[in-house]
Amino acid sequence: MTARRWWWVAVLGMAALTGVLAIANLQTPWRLTLALTGIALLVVTWAVVGDRRAESESPSWTLVLLVTAAAGIGTAGYPTLAILQALAYPISWVFAARSRDAVVGNVLIAVAVGVGFAIGIGTGPEDIIQIIVTQSLALGFSLAMGFWITRMVELGEERGRLLTELQGAQEQIAALHRDAGAAAEREHLARELHDTIAQDLTGLVMLAQRARREGAGAVETLALIEENARGVLAETRALVAAGASVETGETRLDLLNALRRIAERFQRETGVTVTVQGPERLVLPRDLEVVVLRCAQEALANARKHARASRIEVGLVAGDGAVRVTVTDDGIGFDPDDAPDGFGLPGMRDRLALVGGSLTVTSAPGEGTRLAAEVRVQELAL
């Protein structure tokens, strides 16, 4: 039921009750006239003024004053109609602009009904005491209930505001999570592209250059180009399928054999001797295996582009809750503190950081380079 209908039920119910009481108990014409006038004024006031404001509960001093007058007139005709206060006080609280205005309205209602009592029952000393006590109790009860309900409403509105702010904050957090997830996915894809397709394409370019130099005798090099192109296609399909597979064939290999396949391919492409040593049949969880192999691939790619090495050693060590892959070359080396910015080393550090790993680079001009990537493992499958 809407607020408008509730108010109509209250007003008409109160009017019917007081009307019945007045008609049933009054014989004096002027008293009956006053009582019915008060009841009629209440109903007309609500119909003309109150009904328009019931839904919005907008402030209206006119409504409060007319209802106050109705309660006072009705009480003057028949003191029992002081029951109209039960409706007048709530109207004052609901339709006053501020709590201070509601208090003033309550006081006016108490005074108006008190005057009505004086007209209806007389002004003797005992009557005056009875009027003062009765109206003081009614006013005190109305003020207590009014302030308590007003406080509850204020707390409800405050909680509603806080809930709205919380919902807004949650929506912002959700948006930030989505943005962060999208950024993380872009970074992940960028790493995968760099560590797989970009490196393979670099190898294809170098093989094509070698084939151009070899001329008609470039059959083996062309075969390598075809093999690498097929590998790039497979990697691309894996990325599209969100697989980013780290295996080098249809059957998943243990970590050492996967490194050997990578090293064999690198040696065929570059002519640089690559040796791989480590424990056989070492199988890691997929996410850690991806990290280890990608770091080895990136280290070999860096050696291809920058080291000018003739020999590279890849080592795999497992123990003490960790797996470490090292890539050591005999190339020209560099100063790690003065290395140019690029995606390679920072990308490896970021990838390792995601699994709690670490990267160590040892190098000096003319002394080769040693790169060590370590990841922590709870259980090792050998």
Query - By side chain to side chain donor-acceptor pair (under 3.5 Å) - contacts of Ser310 (at least two apart) - result: Asp330

Report task. Flag the pair Glu157 and Arg161 as a salt bridge only when some basic side-chain nitrogen lies within less than 4.0 angstrom of an acidic carboxylate oxygen. Result -> no

Requested in this report: Search all heavy atoms of Gly356 against all heavy atoms of Arg376 and return the closest pair with its distance.
Outcome: O-CG, 4.1 Å

Show every donor-acceptor pair shorter than 3.5 Å between a side-chain atom in residues 102-128 and any protein atom, with sequence neighbours excluded, or say none if there are none.
unit_1: Asn106; atom_1: OD1; unit_2: Trp93; atom_2: NE1; d: 3.1
unit_1: Asn106; atom_1: OD1; unit_2: Ser142; atom_2: OG; d: 2.4
unit_1: Asn106; atom_1: ND2; unit_2: Ser92; atom_2: OG; d: 3.1
unit_1: Asn106; atom_1: ND2; unit_2: Ala102; atom_2: O; d: 2.9
unit_1: Asp127; atom_1: OD2; unit_2: Gly124; atom_2: N; d: 3.4

Query - Test log, rule side chain to side chain contact (heavy atoms under 4.5 Å, CB included), inputs Leu288 and Val323 - result: CA-CA 9 Å; Leu288 298 182; Val323 172; over 6 Å; no

Query raised in the report: How close do Ala70 and Gly38 get, heavy atom to heavy atom, and via which atoms?
Result: CB-O, 3.4 Å

Report task. Following the transitive rule for hydrophobic clusters with a side-chain heavy-atom cut-off under 4.5 Å over Ile, Leu, Val, Met, Phe, Trp and Tyr, establish whether Phe147 and Val64 coincide in one cluster. Result -> no

Query raised in the report: Partners of Gln167 by side chain to side chain donor-acceptor pair (under 3.5 Å), sequence neighbours excluded?
Result: none

Report task. Could I get the full list of side chain to side chain contact (heavy atoms under 4.5 Å, CB included) partners for Ala97, not counting sequence neighbours? Result -> Pro59, Asp101

**Report entry** Other ILVMFWY residues reachable from Ile332 by side-chain steps of under 4.5 Å
**Finding:** none

Report summary line: In terms of heavy-atom contacts, Thr150 and Ser99 come closest through CG2-OG, 3.7 Å

Query - Val327 reachable from Val375 in the ILVMFWY side-chain graph, under 4.5 Å edges - result: yes

Query raised in the report: Take atom CZ in Arg260; do more than 12 heavy atoms of anything else shown fall under 6.0 Å from it?
Result: yes

Requested in this report: Could you tell me whether the side chain of Leu84 reaches within less than 4.5 Å of the side chain of Thr75, counting heavy atoms only?
Outcome: no

Query raised in the report: When rounded to the nearest 0.5 angstrom, what distance separates CG in Leu41 from CG in Leu34?
Result: 12.0 Å

Query raised in the report: Among Leu300, Leu316, Asp254, Val274, which one satisfies side-chain contact (heavy atoms from CB on, under 4.5 Å) with Leu259?
Result: Leu316

Report summary line: For Leu371, the side chain to side chain contact (heavy atoms under 4.5 Å, CB included) test, sequence neighbours excluded, returns Ala299, Leu345, Met348, Leu359, Val361

Requested in this report: Taking the side chain as every heavy atom from C-beta outward, state whether Tyr89 and Leu139 have any atom pair closer than 4.5 Å.
Outcome: yes

**Report entry** Interatomic distance, Glu289 atom CD to Arg294 atom CZ [nearest 0.5 angstrom]
**Finding:** 10.0 Å

Query raised in the report: Which residues pass the side chain to side chain donor-acceptor pair (under 3.5 Å) test with Gln135, sequence neighbours left out?
Result: Gln85

Query raised in the report: Would you say Asp329 and Val272 make side-chain contact, with heavy atoms under 4.5 Å?
Result: no

Query raised in the report: How long is the span from the OG1 atom in Thr360 to the CZ atom in Arg324, to the nearest 0.5 Å?
Result: 8.0 Å

Query raised in the report: Is the number of heavy atoms from other residues, nucleotides or ligands under 6.0 Å of Glu154 CD greater than 12?
Result: yes

Query raised in the report: Other hydrophobic cluster members with Leu137, side-chain heavy atoms of Ile/Leu/Val/Met/Phe/Trp/Tyr under 4.5 Å, chained?
Result: Ile129, Val133

Query raised in the report: Can you tell me how far CD1 of Ile262 sits from CD of Glu264, rounded to the nearest 0.5 angstrom?
Result: 11.5 Å

Query raised in the report: Counting only N and O atoms by type, is there a donor-acceptor contact under 3.5 Å from the side chain of Ser363 to the main-chain atoms of Asp335?
Result: no

Query raised in the report: By the rule that ILVMFWY residues connect when side-chain heavy atoms come within less than 4.5 angstrom, directly or transitively, which residues belong alongside Met145?
Result: Phe141, Trp148, Ile149, Met152, Val153, Leu155

**Report entry** Listed partners of Ser358 passing side chain to side chain contact (heavy atoms under 4.5 Å, CB included), at least two apart
**Finding:** Glu374

Query raised in the report: Other than Val317, what residues sit in its cluster of Ile, Leu, Val, Met, Phe, Trp and Tyr side chains whose heavy atoms are under 4.5 Å apart, directly or through others?
Result: none

Query - From OG1 (Thr273) to CZ (Arg311), nearest 0.5 Å - result: 6.0 Å

Query raised in the report: In terms of hydrophobic clusters joined by side-chain contacts under 4.5 Å, are Leu42 and Ile73 together?
Result: no

**Report entry** Partner set under side chain to side chain contact (heavy atoms under 4.5 Å, CB included) for Leu63, not counting sequence neighbours
**Finding:** Thr45, Trp46, Val49, Ser60, Val67, Ile91, Phe95

